[in-house]
*Asks:* 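The structure that follows is given in the form of structure tokens.
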Amino acid sequence: MTPVEAHTEGNGAAPAAAGAPMLELRSIDVNYGRVRALRGVSLTVNEGEIVALIGSNGAGKTTTLRTISGLNRPSRGEVRLRGVPIHQLGAERIARMGVAHAPEGRRLFPRMTVRENLEMGAYARTDRAGVRESFERVFTLFPRLKERTSQLAGSLSGGEQQMVAIGRAYMSNPQILLLDEPSLGLAPILVDTIFEVIREINARGGTILLIEQNALLALKTASRGYVLETGNIALSGPAQDLLTSPDVQRAYLGM
Amino acid sequence: MTQESVGVGPTQPLGEAPAPSPRRERKAALLVAPEGLIARHRGSGVMARTAVPAFRTTYGFISHNFPAIIMIGILASVLGVLAQGGPTLMGNQMRNALVLGAIYALIAIGYTMVYGIIELINFAHGDVFTLSGFYAFLIADHFGINKLAASSGFGLLVALVVIFAVSMLLAGITGVLIERVAYRRLRDAPRLAPLITAIGVSFLIEGFMLAFFGPDNVTTHQASWINGNAFTLGAVAVRWTDLFVLGMALVLMFALGAFVTRTRLGKAMRSTAQDRQAALICGININRTIATTFFIGSALAAAGAIIYSINYGSLKWNLGFHVGIIAFTAAVLGGIGNIVGAGIGGFLIGMIYVFGGSLAGGAWSESLIFAILVLILTFRPVGLFGVDVASRS
Amino acid sequence: MHRTAAFLSLASIAALGAVSACGTSTSGGSSSSGGGGLSGCHGTITVATDLPLTGGDSTDGPFPQLGAQLAVTQANSNHVLGGCTLNYVSKDDSSVAKNGHDPAQGAANITSLAADQSVVGVVGPFNSSVAEAEIPVASQNHLALISPSNTNPCLTTNQAVPASTCGITTSSLYPGPHTYFRVIGTDLTQGEILAYIAAKQLNMTKAYVFDDQEAYGAGLATIFKQHFASDGGTVVGSASLPGSTTDFSTQIANAQSSGAQVIFFGGTSGNGCGLVRRDEGKAGLTLPFLGGDGCQDQKFITDSNSGSNTSEAEGAEATSAPDATKLSSAQAFYSAYSTAYSSKSAPYNDGKNEPYTPFGYDAMNILIQAIKSVLLSNGGQPPSSTMTFRDDVVQALHSTNYSGAVGQTSFDSNGDTTNPFFTLYKVSSGNWTGVNAYQVDSSGNVSVKS
């Protein structure tokens, strides 16, 4: 998938450095009051990759995504999108630069229709034809949503809501997609559907940073992975290596 | 206008880590947010189950049938007035109720929109209503609009267009300024802080109007713009003013309905109201969206004030407090945060005020309104048309 | 430093003056004791007014206040108290919260005046609701209170009209003679006159009665209803609405439906008197409109005319204080007022712009006369004890017989004037114009006072 020009409407932001990774976190610290949620987290996502971030509850996975999309502010460290520092920008600016976030708990607009939710995903876009194309793509990826366009998002099933959440993020035609627990609370068959779509998006060139409790599924889907433990990156490497790592197997794969 | 509402209740924080502010926020929300009240009534329901089951059943019955009970009450009072003074009195009071209701509805929408988007009971809203009435008065008096309105039918039309456009614009700017100066910095503060600030802004505007326009009723000269009876139904005279008030209010409400359901900005407003953080990550400019909400709410209050002025012909510095608190009740009746609800709530409150006052004596009109406020908060805090809380994800 | 030095030198000069004054007064005192004069009197005696001066009452209260102030100024320049001088304090019983007269503010004012040992009497208040709060405080402190304008009957007789509006209990007063007086007739008189006008002069048999829920308005409405009924009329409906009411259409529709022939409003124009008339016009009703003195002001006309009919006020009638502008006894006062306050902005430069102006003037003069008689009977000097002085002033007020701007005033044992009368005014060409003066004799018969 090709990044749209409108996304790099950098207002004084440095131009994207050629060859820089799509997303780079450098020694990020995040505090909630006196509680330290992240300590020195560094990670890299290259263009066209699926990167999985795994870890137990409370390890800081969601905080990492929130920090990338600007909902939390790091007290130390840097977040760079294609080499451009974005950690000082507001969440709205970051979204407009091409970071799409399908957040924990889906966070749909419950009293708006499916179509309106998707429209909101494309809120920052001005290319009408492109938006129409994105609608078509979302409906191709999730045919079920096409039947439900005028239904209120709050009345959908959990799986359908997750589809809308991913679809809404995808509607912005993003540089990178941040997915927070897309499988949470879904029936196994729906989990398969969702992950098929994730692979499909990636196959079309989409860059994805994925958070999952289901470490096996995440690592099978991803090309690389990071393991987060109480705010630190404990392990990182190619997904295959992590899958075979005894530590990971014991702690996260239940083997 | 579709059954649409602009958000209710505090948005949940996205975080997994223990953030101290959301908890505090929720506690503060008990004071104002319908959810808080629901939580409380659920709590009392549990208590009631162990102690007095009969009470709980009665409570549940009233709570569940609250809209029906209100409607039956209104219908009964309409019939009571019919018995009291025949169709003429009923017709006259119905006309009075619709005119009053239209004004309350326009103000109630401003309360509900702001509450929907930032969960603030904007106590200054009633005073923005009065202030914009004074804007219209000053414009009409100083730019020859009064003469224009009196000159011919066409002149009147031009005068109305000018006065509505300019006053609504000025009021909108006032609303945006108030939000920018007084509320924006407190957006993430505990709920009580912006609430008290709102009361402060209210006093400030009232003080300004008292100093500038004096303590008495100010004649706005607008009551003579539209004259005469349109038609008579039996012995009930319907004035052109009545038709204008009602028509204008309905047109504005439908225009607002189209705006929030059809336009990009309107949808941004609704999404921000439903989940501010989710709106942020969609790239929606929250500040601009909230400012827009204040602009529209205040502009509608201005329209209400001009309509008020054309109907009554006078304004007073503290009018907004009185009218505002009744309109606020209308917003709560319709389900605070729900735009359509506020519109309908305004008309219902108009009916309750007029028919209740006609039957029970005017001394009880206001007691009746506030008794209803208490009843809503006790039995149905989400209001008559409040959103189904269960459908929220 | 420099300023302190200057102040000290001024103070010492003043002290010297006081010593020399003392010396002369001692010798003068012995000479005046034979002649009965007050040239030997020395000291400063404080009199005060407590009236609403700001907010919604700013077109009412300042007039009697200026009238009373004029009386003090004249007394001092004419040395009415001989060597003693009158000090004058003006209190405002308005509050921002009430946008006008506020009973709580009035009571606080009286408390602070009573604490001042030099204060022996107060002219005020203007409003009956304020008087209700002030009378117990004044009574406890033996302080004379003379109102230029309170018309609620229960303030003096404690006759409840209606019962709920009489907030004064005898137990809250000190067990001495009444300390409260008024130089104007009560609503008993006014309501009786208004009912007489409605039933006998306008020949109406059905009335719809509004009141503003305040002591004055509700009381007047009640008395009107009683007398209208005994004059053969029927009250077909009534509405009691708070002063914040801005829309009376509902009640006007009720009045119309009940076949009312006359609309009566008991209350003040600040509480909606003019707005009732406005909404009457809006409903296309052309019934006669009758009110008490609370309606008889410019605000009523402005409010009545603010609706679609810009001459709606025309023909409305209200009784109010006697139109003293036509009394020969008041002419000297009005010209003195104009001279004294020529530099004031309109409307305050002319005492004729408010009916109670000469009543404020007379009330203060009556107080000054009482002080004078106390001084005379006390060997030309103020009594040494404040309480004694105040008691003596109250005692002297009870035997008042004063011929002033509004005529001959004396008080009955309740403190009511024995000379009550009211003038009926009518709006004509945008102004209130006096029509007739009405009086009630001791047996309760109303007649036109010629």
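So that the names make sense, note that chain A is the first sequence line, chain B the second, and so on, each numbered from 1. If you're wondering where the values come from, they're calculated on a predicted model, not measured in any experiment.
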*Asks:* So which residue, B/Ala363, B/Ser365, B/Gly207, ends up with the most heavy-atom pairs under 4.5 Å with chain C?
*Replies:* B/Ala363
*Asks:* If you take all heavy atoms of B/Ala223 and C/Ser306, which pair is closest and at what distance?
*Replies:* CB-O, 3.4 Å
*Asks:* Starting at CG of B/Asn96, measure out to OG1 of C/Thr250 and round the result to the nearest 0.5 Å.
*Replies:* 5.5 Å
*Asks:* Please classify the contact of B/Asn318 with chain C as side chain, backbone, both or neither, using a heavy-atom distance under 4.5 Å.
*Replies:* neither
*Asks:* Could you tell me which portion of C/Lys282 (side chain, backbone, both or neither) has an atom closer than 4.5 angstrom to a non-hydrogen atom of chain B?
*Replies:* both
*Asks:* So C/Asn254 and B/Gln84, do their side chains get closer than 4.5 Å, heavy atoms only?
*Replies:* yes
*Asks:* Could you check whether atom CZ of B/Phe212 has more than 12 heavy atoms from other residues, nucleotides or ligands sitting under 6.0 Å from it?
*Replies:* no
*Asks:* Could you measure the distance from the CD atom of B/Gln93 to the OG atom of C/Ser249? Nearest 0.5 Å is fine.
*Replies:* 8.5 Å
*Asks:* Which residue out of B/Trp317, B/Trp364, B/Phe355, B/Phe321 racks up the most heavy-atom pairs below 4.5 Å with chain C?
*Replies:* B/Trp317
*Asks:* Spell out, as yes or no, whether a donor-acceptor pair under 3.5 Å connects the side chain of C/Asn99 to the backbone of B/Pro215.
*Replies:* yes
*Asks:* Can you confirm whether C/Thr245 sits close enough to B/His322 that some side-chain heavy atom of one is under 4.5 Å from a side-chain heavy atom of the other?
*Replies:* no
*Asks:* Checking heavy atoms, do the side chain of B/Glu366, its backbone, both or neither come under 4.5 Å from chain C?
*Replies:* side chain
*Asks:* Are there more than 12 heavy atoms of other residues, nucleotides or ligands under 6.0 Å from atom NZ of C/Lys98?
*Replies:* no
*Asks:* Contact part of C/Leu275 toward chain B, heavy-atom cut-off under 4.5 Å: side chain, backbone, both or neither?
*Replies:* side chain
*Asks:* Please determine, among C/Gln256, C/Arg278, C/Gln251, the option with the most heavy-atom pairs under 4.5 Å with chain B.
*Replies:* C/Arg278
*Asks:* Between B/Thr241, B/Thr88, B/Asp216, which has the largest tally of heavy atom pairs under 4.5 Å with chain C?
*Replies:* B/Asp216
*Asks:* Please rank C/Gly274, C/Ser244, C/Ser258 by heavy-atom pairs under 4.5 Å with chain B and give me the top one.
*Replies:* C/Ser244
*Asks:* To the nearest 0.5 Å, what is the distance between OG (B/Ser224) and CG (C/Asn309)?
*Replies:* 10.0 Å
*Asks:* Where do C/Ala253 and B/Leu89 come nearest, in terms of heavy atoms and distance?
*Replies:* O-CD1, 3.3 Å
*Asks:* Heavy-atom cut-off 4.5 Å, strictly under: side chain, backbone, both or neither for B/Leu319 against chain C?
*Replies:* side chain
*Asks:* Taking every non-hydrogen pair under 4.5 Å, which of B/Val218, B/Asn311, B/Val99, B/Leu210 racks up the most with chain C?
*Replies:* B/Asn311
*Asks:* What part of C/Asp303 gets within 4.5 angstrom of chain B, counting heavy atoms only: side chain, backbone, both, or neither?
*Replies:* side chain
*Asks:* Where does B/Phe203 contact chain C at under 4.5 Å (heavy atoms): side chain, backbone, both or neither?
*Replies:* neither
*Asks:* Any side-chain heavy atom of C/Asp247 sitting closer than 4.5 Å to one from B/Leu100?
*Replies:* yes
